[in-house]
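I have placed the structure first, in the form of C-alpha cells, so that the comments after it can refer back to it.
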Amino acid sequence: MTQDIASLDAPDLPVRDGSNSRKVFVKTYGCQMNVYDSGRMADALARDGYVQTEDMQDADLVLLNTCHIREKAAEKVYSALGRLRDMKKERAAEGREFMIGVAGCVAQAEGEEILRRAPAVDVVIGPQTYHRLPEALKRARAGDRVVETDYAVEDKFEHLPATDKAKIRARGVTAFLTVQEGCDKFCTFCVVPYTRGSEVSRPLAQILDEAKKLADGGVREITLLGQNVNAWHGQGRNGESLTLGDLLYELATVPGIARLRYTTSHPRDMDDRLIEAHRDLRVLMPYLHLPVQAGSDRILKAMNRRHTAAEYLTLIERIRAVRPDIAMSGDFIVGFPGETDADFEATMALIKTVHYAQAFSFKYSTRPGTPGAELGDQVDDAVKTERLERLQALLFEQQRAFNEGCMDKEIDILLEKPGRMPGQLIGRSPWLQSVNVDAKASQIGDIIKVRITGTGPNSLFSELVAG
Ligand code: 5AD
Ligand code: SF4
C-alpha cells in the first residue's frame, strides 16, 4: 500500500542549517533545453533564498526536470520518484522539510496524473511556467499540492531574474541560450508540439542582452537552443523580418563571444541566410545537427517530415559547397510503424552518402496522443533491435573515421574544464569533439592551437603547438 506522504508534510518546517538558506538539488533529464531550463529554475529559486547543492542527501527540495520524448525517459522519472518518496518519509520522521518538484515535459504531459501515481510530489510545473516556481512552492508549503501546467500568457523570460555574474562564471566558459521554444511541425512520432506548445521566438533585444551578460561573465561559446531553432524569427531595429541567419550575424558582433553554435534544426527551415552565415561567419562553428530521422521517402511521408531524402541530400551539398569542413550530425529513428527492410536499407544508404561525424539513434517508441500511436503495422521489437544495432555500427564507424581524419592536424580548441589527469585540460574542437591536452587550469576559456596526436571514438588527444 502506498502511504500519502504529503499528509505528513507540516507547513513551515524550520530551515535546517545555520546559513538560513534552503538547498535545492536539480536533476536534469533529456535535452540541452532542459539543461538551460534547470539553470534558469535555479536562478528563480536563488531569489527565494535557495542555494544549489550537488548532493541529494543535503537537499530540502529535489527538482526533477524531466523528459517525455521516449517511454523509457518518462519511466525513469517514476522510478526516481519512488526513491524520493522513501527519503521524504525518513525526513518527515526527523522533522525536516523535504519537498519534491517535477518540472519539464513529463510534468506538462501528465500533470495531475503525477500526483496520483506519486503522492509524495508537492509541485508539478510545466516548462512554460517555471518562473512561477517560488510561488508554487510557497503554496505547497501551506499545504496545497500544486499543478502549474497552463501555457502562461506572460513571457516567462521577462519574469525570470538574470543569471548573476558569479553564477555564469561558475557554470563555465560555454553556455546555452534558448532563443526559440516549441514546435509546429507535428512529426507523427513526436510529443514535443504537445509538451512544449507551438513555436515561440524570443525577441532579438532580449537575446542580445542575455548574450552580452554571458560574455561579461566570461562565456566564450554560446549554443543557441530551440526545439526547432532554425525556425527562429524576429524583428530588426527597423521592423524588418529576421531569421536565424540574421540573428547569428548580430551575435557574431558581441565582444568576447568567440564561438557560436545552434541546435536543433529542421531541414525545411535551413534558409539561404543561414547557409550564408555558415559561409561568412568564422565564429559560427562548422558543425550542424540536422536530423533526418529516416532515409525512405515513404517513411518520411508517414512521419510528416515534409521533405524527401533527395531534398535533404541536396541541402547538405549546398551547405558543404560553402563550408566544406562542416561536420554533420543527425537523429535517426528505426522501426517507425510500417518500416520494411527496404525502407531501413534506404536509411542505411542515406547515412553512407552523408558520412556523419556524430549521430543519435533510437528505436521508435510509441507516444500516447501522437498520430504515430494510432498507426497499425507496428514493427516487432526484435526487428527494431537488430536494425538499431546495424545502424549504430555504421554511425560508429563513420564517427571513428571522422575522428581519425583529424590525426596530425593543427586545430584551435576552446579550453573548457580540467581533464581526468592532473595537468590535463579538456578542450572542444570546432567540430564538437572533446580534445585532451596538457595545459594550466588558468588557461580555461582560452582558445589555443594544438596538434592532434591520437584519436579515439569519443575524444582526441593533442599537444600544444608552440608559438
Ligand atoms: N521514438 C523514438 N525516438 C524519438 N524521437 C522523438 N520522438 C521519438 C519517438 N517517439 C527522437 C527523434 C528526435 C530526437 C530528439 O528524439 O530522433 O530528433
Ligand atoms: Fe518533434 Fe518534429 Fe518538432 Fe522535431 S520537428 S520537435 S521531431 S515534431
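Indexing begins at 1, ligand by ligand and atom by atom, following the structure's order.
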### Message
Taking the cut-offs as 6.0 angstrom to the six-membered ring centre and 45 degrees off its axis, would you call Lys27 and Phe25 a cation-pi pair?
### Response
no

### Query
Any chance the side chains of Thr195 and Gln108 put a donor and an acceptor closer than 3.5 Å?
no

### Query
Going by atom types only, do Gln206 and Glu158 share a side-chain donor-acceptor pair under 3.5 Å?
yes

### Message
Could you check whether Tyr262 and His278 have their ring centres less than 6.0 Å apart?
### Response
yes

#### Entry: Modelled atom types, side-chain donor and acceptor of Asp43 and Thr163, under 3.5 Å
yes

#### Entry: Residue of the set Phe362, Tyr356, Phe360 for which ring-ring contact (aromatic ring centres under 6.0 Å, His included) holds with Phe332
Tyr356

### Query
Just checking, is any N or O donor in the side chain of Thr455 or Asn403 under 3.5 Å from an acceptor N or O on the other one?
no

### Query
Just checking, is any N or O donor in the side chain of Gln378 or Tyr364 under 3.5 Å from an acceptor N or O on the other one?
no

### Task
List, ordered by chain and residue number, the protein residues whose closest non-hydrogen atom lies under 4.0 Å from any atom of ligand 1.
Ile69, Arg70, Phe189, Gln293, Asp331, Ile333, Phe362, Lys363, Tyr364, Ser365, Arg367

### Task
Anything protein N/O/S under 2.8 Å from atom 2 (Fe) of ligand 2? Just list residue and atom, please.
Cys187 SG

### Task
Flag this pair as yes if the NZ/CZ of Arg273 is under 6.0 angstrom from the six-membered ring centre of Tyr249 and inside a 45 degree cone about the axis; otherwise no.
yes

